[in-house]
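Below is one structure; the comments refer to it alone.
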Amino acid sequence: MANRILTVNAYTTFDLLDGRVEGHGFEEEALAVLNVTAPRNDPDHVQLQLELDNTQLSDVEPHADHVSLSAAEARELAAELESHAEKVEAAQSE
């Protein structure tokens with residue numbers, strides 16, 4: 001990804017995922033970076049970061065999205081991800 005906004009290194013949670021951006025009148029697909037992090041010193045939140053490869057997008061300016069979650073919200077998200085992962089695994093094993 002050229003001209004990245006997020007730092008991508010060996011500690012990045014996921015890089016090169018399949019991403020999609022949707023808006024009024026457009027939908028595009030691009031490689032994506034998804035990262036979960038927390039501040040190193042005195043962490044007070046979990047941060048979820050997403051950036052799509054701007055070289056593959058024509059309708060969206062280069063940007064990265066960030067969501068700050070409390071510890072409880074991060075656990076709730078983790079539980080939802082686990083629940084949906086189980087549904088996908090069950091459907092694929094049939």
Side-chain angles (χ1 to χ4, degrees):
M1 287 173 48
N3 196 22
R4 281 190 172 137
I5 294 169
L6 297 179
T7 300
V8 178
N9 57 35
Y11 301 104
T12 303
T13 308
F14 294 105
D15 57 344
L16 302 180
L17 297 172
D18 293 328
R20 181 172 59 92
V21 62
E22 180 180 341
H24 295 290
F26 72 91
E27 183 176 319
E28 294 185 292
E29 294 181 358
L31 294 175
V33 171
L34 179 65
N35 194 40
V36 179
T37 188
R40 288 181 189 238
N41 299 319
D42 299 319
D44 61 348
H45 67 281
V46 174
Q47 189 167 78
L48 184 63
Q49 304 168 315
L50 176 68
E51 180 179 7
L52 274 65
D53 183 353
N54 61 57
T55 65
Q56 297 179 306
L57 302 173
S58 58
D59 290 316
V60 179
E61 291 293 319
H63 74 287
D65 295 302
H66 303 258
V67 176
S68 293
L69 305 168
S70 67
E73 290 167 333
R75 286 189 184 92
E76 184 177 344
L77 176 59
E80 286 292 318
L81 289 169
E82 188 67 35
S83 173
H84 288 284
E86 289 172 4
K87 289 179 188 177
V88 170
E89 287 175 339
Q92 290 179 348
S93 67
E94 293 177 354

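All residue numbers refer to positions in the sequence shown, counting from 1.
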Looking at Phe26, is its backbone amide N or carbonyl O close enough to the side chain of Asp59 to form a donor-acceptor pair, meaning the two atoms are under 3.5 Å apart?
no

Nearest 0.5 Å, what's the CG-CD distance between Asp53 and Glu29?
13.0 Å

Any sub-3.5 Å donor-acceptor pair from Glu28's side-chain atoms to Ser58's backbone N or O?
yes

Nearest heavy-atom pair of Ile5 and Ala64: which atoms, and what distance?
CD1-N, 3.8 Å

Between atom CD of Glu82 and atom NE2 of His84, what is the distance when rounded to the nearest 0.5 Å?
11.0 Å

Please check if atom CG in Asn9 has more than 12 non-hydrogen atoms from other residues, nucleotides or ligands closer than 6.0 Å.
yes

Donor-acceptor under 3.5 Å (Thr37 side chain, Gln47 main chain):
no

When rounded to the nearest 0.5 Å, the distance separating CG of Leu50 from NE2 of His63 is 7.5 Å

Thr13 versus Leu34, closest heavy-atom pair with distance:
CB-O, 3.5 Å

dist Arg75:CZ -> Glu73:CD (nearest 0.5 Å) comes out at 11.5 Å

Of the non-hydrogen atoms in Leu52 and Gly19, which two are nearest, and what is the gap between them?
CD2-C, 4.1 Å

Interatomic spacing from CD in Glu51 to CG in Leu17 - rounded to 0.5 Å
12.5 Å

Ala30 and Leu57: which non-hydrogen atoms are nearest, and at how many Å?
CB-CD2, 3.8 Å

Pair Glu27 + Arg20, salt bridge at N-O below 4.0 Å:
yes

Distance-only, no hydrogens or angles: does the Gln56 side chain make a donor-acceptor pair with backbone N or O of Leu31 under 3.5 Å?
yes

Cluster overlap Leu81 with Leu48, hydrophobic side-chain contacts below 4.5 Å
yes

Using a 4.5 Å cut-off on heavy atoms from C-beta on, say whether the side chain of Pro39 contacts that of Asp44.
yes

